[in-house]
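Just the heavy atoms: all of them, side chains too, but no hydrogens, waters or symmetry mates, feed the values below. All figures in this text were calculated on a predicted structure; none of them were measured in a lab.
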Amino acid sequence: MTKFPIDLGAYKYLALNPGNATLTAEQRDTLKANIQLCRDAIVFFTATGAARGVGGHTGGPYDTVPEVMILDAFFRGAAEQFVPIFFDEAGHRVATQYLMSALHGDLPAEQLLQYRAAHSHLPGHPELGFTPGVKFSSGRLGHVWPYVNGIAMANPGKVVFCLGSDGSQQEGNDAEAARLAIAQHLNVKLIIDDNDVTIAGHPSKYLPGFTVAKTLEGHGLKILEGDGEDLDDLYSRLCTAVNTPGAIAVINKRPMCPGIAGLEGSTHGHDVISVDLALKYLESRGQTAAVEYLKNIEKPKQTYTFLGASDKWGANRNVFGEAVVNVLSRMSEAERKEKVRVIDSDLEGSCGLKKIHDTYPEVFIPSGIMERGNFSAAAGFGMVKGKQGIFATFSAFLEMCISEITMARLNQSNVLCHFSHAGIDDMADNTCHFGLNNMFADNGLDDRYDTKLYFPADVNQMTACVEAIFSDPGLRFIFSTRSKVPNILDSKGNELFGDGYKFIPGKDEIIREGSQGYIVSFGDALYRSLDAVERLKQEGLDVGLINKPTLNVVDEEAIAKIGKAPFVLVVEAFNRRTGLGSRFGTWLLERGLTPKYAHLGTYKEGCGGLWEQYPHQGIDPVGIIKKVKELVG
């Protein structure tokens, strides 16, 4: 294995006693050297993620190095006082966890060179039991502080740290955690990187009334605020926090990516540093070996040719916004303002809402990382007939909004929801960011207000779907993937959902006929299933393919046809326990239809990387073909 090109052996294992609140000159110099070494390393190995196309979130871990270095020294100098874990509620700062694992000898430094790559066991969020040295799973934003409260209860007399951010502090569960921490006198110390940057903007601009310090002070926490780059002040405040009983917030003001030319203070620092900026930074630091390594990384490519699919690939998550703009363009400005409100949750660039923001800012509300409240606001706007709330976020966050979805249904609201990043494709963030349980959105009773779930297969069908359902009453959920998808072709090589196609809600679609059985699929699993069907036909197995773009409605005509076939195989990227396949077999039996039945879906922890997630779960064409042959016998 290639040697890690930055000498982590230069790290000095400092021991600090928080009872001494002033650094000696030698301690200060050691801390400064450690900070610089670790920041160089973080820029370098996260940039390998940029070079491979798997992303990597450089800014957060880079920012928080000074406090992590001090905590590491505390854990060494006064071990009995602490639970020695770098709990972090901003899970995308995972580079911190991996670097510390390497420095502590749990992980070979060379493994960092495979940051977020498939099968490297270094996914985009920390996962307990998956990566050597990682001591907790972060889940999504704002989930760790409430959990850390319980850690503090289980370790009376010890200090528990929770690294936080101004972004994660926007989540409502942190407010609940704050109240419990104060009420129960928990010895939890929040260390918050307050850099006024999230994915889509600056909290001071889109949430002008919100400040982390005043919010936490209002909950009863003692606030120790200062410059996170002033090492003596930071150290003094951390010592005060440790030596003062109860819940305390150490809030560190700094620009995002301090000292990185071209990124400092920028929202672009939130995600992975570009290779160009990383090279400039590392060159300025004299890290020539790291520069050479970075220059020679080749981005892995998906070389498989999918039969039945066009060579045109498009991003459904972006096309959603374009399709909404097309509908809004047919309204007057006054009509748009009266009838439509679009509410973002700091993900407009990822969920296709930026196109709406740029084109029709009068209906767009940029908001913070507050999925539950933002969904409910959209639902409240859409409570009256003729009004439409539009909401979007990642599919992994749908589970957080279930109660609000029920509330919207009880109030007969009209909400058009776009949940992107559904399934597993291109998800280097791995398991906690898989959008697997999307069928949970359909949690109403049979006689209650209408809910429909849609998962278009390509950009043409996405456009047609939005056009068809935009003005429908009720709750409508449209899903898309992080990955691009190819256009689906008919048996003659023409785009199946192209000119002349009309999307009909609730109708299943025959993609290919087959006499020996049918695969039922949708979304990004459809083109993979189509490839399998085409290859099976070449081998003499006449298998058909059904697209089910409306996930939660039984098409009686289609299921009667499918149910008479020798076998039915449902293929999806959703959770095997909660996805379409968990329902489809029941639908067949309720109608007295008894084909041989099987179901492929996501069933195990992810492997990191991008398209590699599909074969890892056995739902790529190879896995589908294998399962079909088992069914055919």
Show your reasoning for whether salt bridge (Lys or Arg N to Asp or Glu O under 4.0 Å) applies to E26 and K12. CA-CA 12 Å; E26 184 180 2; K12 295 178 181 176; over 6 Å; no
Which is it for F45 and Y98 under the ring pair (Phe, Tyr, Trp, His ring centres under 6.0 Å) test, yes or no, and what are the steps along the way? CA-CA 10 Å; F45 78 79; Y98 297 154; 7.5 Å; no
Sidechain-backbone polar pair: D63 side chain, M256 backbone, donor-acceptor under 3.5 Å: no
As a test of understanding, state which of R317, K484, R528 forms a salt bridge (Lys or Arg N to Asp or Glu O under 4.0 Å) with D425. R528
Please find out if less than 6.0 Å separates the ring center of F87 from that of Y147. no
Are S345 and N374 close enough, and set up right, to give a side chain to side chain donor-acceptor pair (under 3.5 Å), and what steps lead you there? CA-CA 7 Å; S345 295; N374 289 339; 2.9 Å; yes
Could you tell me if N252 and D193 have a donor-acceptor pair between their side chains, going purely by distance under 3.5 Å? no
Taking atom CD of E110 and atom CG of L112, what is their separation to the nearest 0.5 Å? 8.5 Å
Is the shortest side-chain heavy-atom distance between F161 and V188 below 4.5 Å? no
Does K280 come within less than 4.0 Å of D276, counting only side-chain N to carboxylate O? no
Residue pair L190, Q169: steps toward the side-chain contact (heavy atoms from CB on, under 4.5 Å) verdict: CA-CA 11 Å; L190 275 290; Q169 283 294 313; 4.1 Å; yes
Between F4 and Y293, is the gap from one ring center to the other below 6.0 Å? no
Is the cationic atom of R39 (NZ for Lys, CZ for Arg) positioned less than 6.0 Å from the six-membered ring centroid of Y62 and within 45 degrees of its normal? yes
R116 bridged to D429 by N-O distance under 4.0 Å: yes
Could you grab the distance from atom CD of E176 to atom CG of N149, nearest 0.5 Å is fine? 11.0 Å
Begin with the C-alpha distance, continue with both residues' side-chain angles, and end with the deciding distance and a verdict on ring pair (Phe, Tyr, Trp, His ring centres under 6.0 Å) for F75 and F86. CA-CA 10 Å; F75 295 164; F86 305 100; 5.3 Å; yes
Would you say D346's side chain and I199's backbone share a donor-acceptor pair under 3.5 angstrom? yes
Check the pair N187, V160 against side-chain contact (heavy atoms from CB on, under 4.5 Å), reporting the backbone distance first and the verdict last. CA-CA 6 Å; N187 211 13; V160 188; over 6 Å; no
Flag for H418-S480: side-chain donor and acceptor within less than 3.5 Å: yes
Minimum side-chain heavy-atom gap S367-M370 below 4.5 Å: yes
Could you go through K222 and E217, starting from their C-alpha distance and side-chain angles, then the distance that decides it, and tell me whether this counts as salt bridge (Lys or Arg N to Asp or Glu O under 4.0 Å)? CA-CA 6 Å; K222 178 179 176 66; E217 191 173 37; over 6 Å; no
In terms of heavy-atom contacts, Y206 and G201 come closest through CE2-C, 3.8 Å
If you look at every heavy atom in G609 and V54, which pair is closest and at what distance? CA-CG1, 4.4 Å
Would you compute the distance between atom CZ of F397 and atom NE2 of H421 and round it to the nearest 0.5 angstrom? 9.0 Å
Determine whether more than 12 heavy atoms belonging to other residues, nucleotides or ligands lie under 6.0 Å from atom NZ of K604. yes
Find the distance between CD1 (I191) and CG (D88) and round it off to the nearest 0.5 Å. 10.0 Å
Is there a donor-acceptor pair under 3.5 Å between the side chain of N195 and the backbone N or O of V197? yes
Can any side-chain N or O of D230 pair as donor or acceptor with the backbone N or O of G226 at less than 3.5 Å? no
Flag, side chain of E292 to backbone of A289, donor-acceptor distance under 3.5 Å: no
Does the side chain of K253 come within less than 4.5 Å of E229's, by heavy atoms? no
Could you state the interatomic distance from CG (L163) to OG1 (T64), rounded to the nearest 0.5 Å? 6.0 Å
With a 4.5 Å cut-off on side-chain heavy atoms, are P255 and P258 touching? yes
Could you check whether any side-chain N or O of R482 sits under 3.5 Å from a backbone N or O of M427, counting only pairs where one atom can act as donor and the other as acceptor? no
Within the side chain of R76, is there an N or O that forms a donor-acceptor pair under 3.5 Å with the backbone of L14? yes
Do F74 and F82 have ring centroids that are under 6.0 Å from one another? yes
Distance-minimising heavy-atom pair for H92 and H125: N-CE1, 3.6 Å
Heavy-atom closest pair (L8 atom, A41 atom, distance to 0.1 Å) is CD2-CB, 4.0 Å
Measuring only between side-chain heavy atoms, which start at C-beta, is L224 closer than 4.5 Å to I248? yes
D194 side-chain N/O to D166 backbone N/O, donor-acceptor pair under 3.5 Å: no
Would you call the rings of F479 and F419 parallel, tilted or perpendicular, where under 30° means parallel and over 60° means perpendicular? tilted
Are the side chain of Q111 and the backbone N or O of S120 linked by a donor-acceptor pair below 3.5 Å? yes
dist I6:CD1 -> I42:CD1 (nearest 0.5 Å) comes out at 10.0 Å
With distance as the sole criterion, is a donor-acceptor pair present between the side chains of Y11 and D72 under 3.5 Å? yes
Side-chain heavy atoms of W611 within contact of S483, under 4.5 Å: no
Is C607 close to Q613 at the side-chain level, that is, under 4.5 Å between some pair of heavy atoms? yes
Answer yes or no: are there more than 12 heavy-atom neighbours, outside H219 itself, under 6.0 Å from its atom NE2? yes
Looking only at the side chains, is there a donor atom on one of T481 and D524 sitting less than 3.5 Å from an acceptor on the other? no
Under 3.5 Å donor-acceptor, N430 side chain and P123 backbone: no
Is the closest side-chain heavy-atom distance between E89 and E171 below 4.5 Å? no
As a quick check of understanding, evaluate side-chain contact (heavy atoms from CB on, under 4.5 Å) for D232 and R28, giving each step before the final call. CA-CA 8 Å; D232 289 289; R28 187 183 303 108; 3.0 Å; yes
Between E67 and R254, is there a salt bridge with N-O shorter than 4.0 Å? yes
